[in-house]
Amino acid sequence: MQKNRRQLVSSIGILSALGTMAPWALSAEKIKPSNKSALIVVDVQNCFVEGGTLPVAKGAEVVPVINKIASAFANIIVTQDWHTQGHASFASAHAGKKPFETTNMPYGTQVLWPDHCVQGSNDAALHPDLKLPTAQLVLRKGYHANVDSYSAFMEADRKTATGLAGYLKQRGIHTVFVVGLATDFCVAWTALDARTAGFTTYVVEDACRGIDLNGSVDAAWKNMATKGVKRIQSSDLKIT
Ligand code: VGL
Ligand code: ZN
């Protein structure tokens, strides 16, 4: 059948728009996590939302999104930032330093934070509205007094493993979906280390919020793209 000029022009427009889209957005086909996929919910704790010690702007907005997508996952891991009192990542532990300045640690440059997520405090508790009754593992990190751990896989010395890669691999899990707080720190480091450990890795953007120090959110997305982390939205997931 012959197309008239207007139809032709409009189909060219649609085709070129499709060309710029991510492959999983091309079809109506949604991503259905298999039983060998895990959702990793990073640091959705009181400390990182309004009223906490290191609040991430709009941090609490991730909670309903995560609660909703959780039903698509047979395997859920929840992490908690879990620092000792006087932890080396706290500015208060370094004379003359203020939060958000940096210092040199034996393992490299460390951003210094307000005191946050101290072990056993209400500040370190999971957000009360997070509803993940089927979660199988709660993994705490950052509990070595002299080493930070943004990543759920590897501490900041880049040598000390948390055991998460082994836990997932021994269970046959090959794909992870990372969500939570903060996009540019614990989410990004977790996603990057998941790639390094060989997992197919997605980050669900609207289920994350960032801290954003000097463009760190943009830098994190660029870095993750370079390493093959797939950036998706919660609407790309098949939720039944
Ligand atoms: C985090 C800064 C310090 C995070 C944890 O969860 O992204 N950021 N500790
Ligand atoms: Zn921390």
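Both counts, for ligands and for their atoms, begin at 1 and track the order of listing.
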Answer with yes or no whether His116 contacts ligand 1, where contact means a heavy atom under 4.0 Å from a ligand atom. yes
Is there a side-chain contact (heavy atoms from CB on, under 4.5 Å) between Val56 and Leu54 once you walk through the steps? CA-CA 7 Å; Val56 179; Leu54 179 42; 5.8 Å; no
Atoms of ligand 1 close to Trp113 [distance to a heavy atom under 4.0 angstrom, numbered from 1]: 2 (C), 3 (C)
Heavy-atom distance under 4.5 Å between the side chains of His116 and Phe48, does that happen here? yes
Note: Arg231-Asp236 ion pair, threshold 4.0 Å (strictly below): no
With heavy-atom distances below 4.0 Å as the criterion, list the atoms of ligand 1 near Cys186. 1 (C), 4 (C), 5 (C), 6 (O), 7 (O)
Heavy-atom pairs closer than 4.0 Å: do any link ligand 1 to the side chain of Leu181, the backbone, both, or neither? backbone
Measure from NZ or CZ of Lys169 to the centre of the six-membered ring of Phe199, then state whether that distance is under 6.0 Å and the direction lies within 45° of the axis. yes
Which of the atoms of ligand 1 are close to Ala182, meaning less than 4.0 Å from one of its heavy atoms? 4 (C), 6 (O), 7 (O)
Given Ile40, which of Ile76, Val78, Asn75, Leu164 fulfils the side chain to side chain contact (heavy atoms under 4.5 Å, CB included) condition? Leu164
N/O/S of Asp81 less than 2.8 Å from the Zn ion (ligand 2)? yes
Suppose we measure from atom 5 (C) of ligand 1 to each protein heavy atom; which comes out shortest, and what is that distance? Asp81 OD2, 3.1 Å
Under a 3.5 Å cutoff, is there a donor and acceptor pairing between the side chains of Gln45 and Asp81? no
Please indicate whether any nitrogen or oxygen in Asp148 is less than 3.5 Å from any nitrogen or oxygen in ligand 1. no
NE2 (His83) to the Zn ion (ligand 2) to NE2 (His116) angle, given to the nearest 10 degrees: 90°
From NZ (Lys141) to NE2 (His83), nearest 0.5 Å: 6.5 Å
If the cut-off is 4.0 Å to any non-hydrogen atom of Asp43, which atoms of ligand 1 fall inside it? 4 (C), 6 (O)
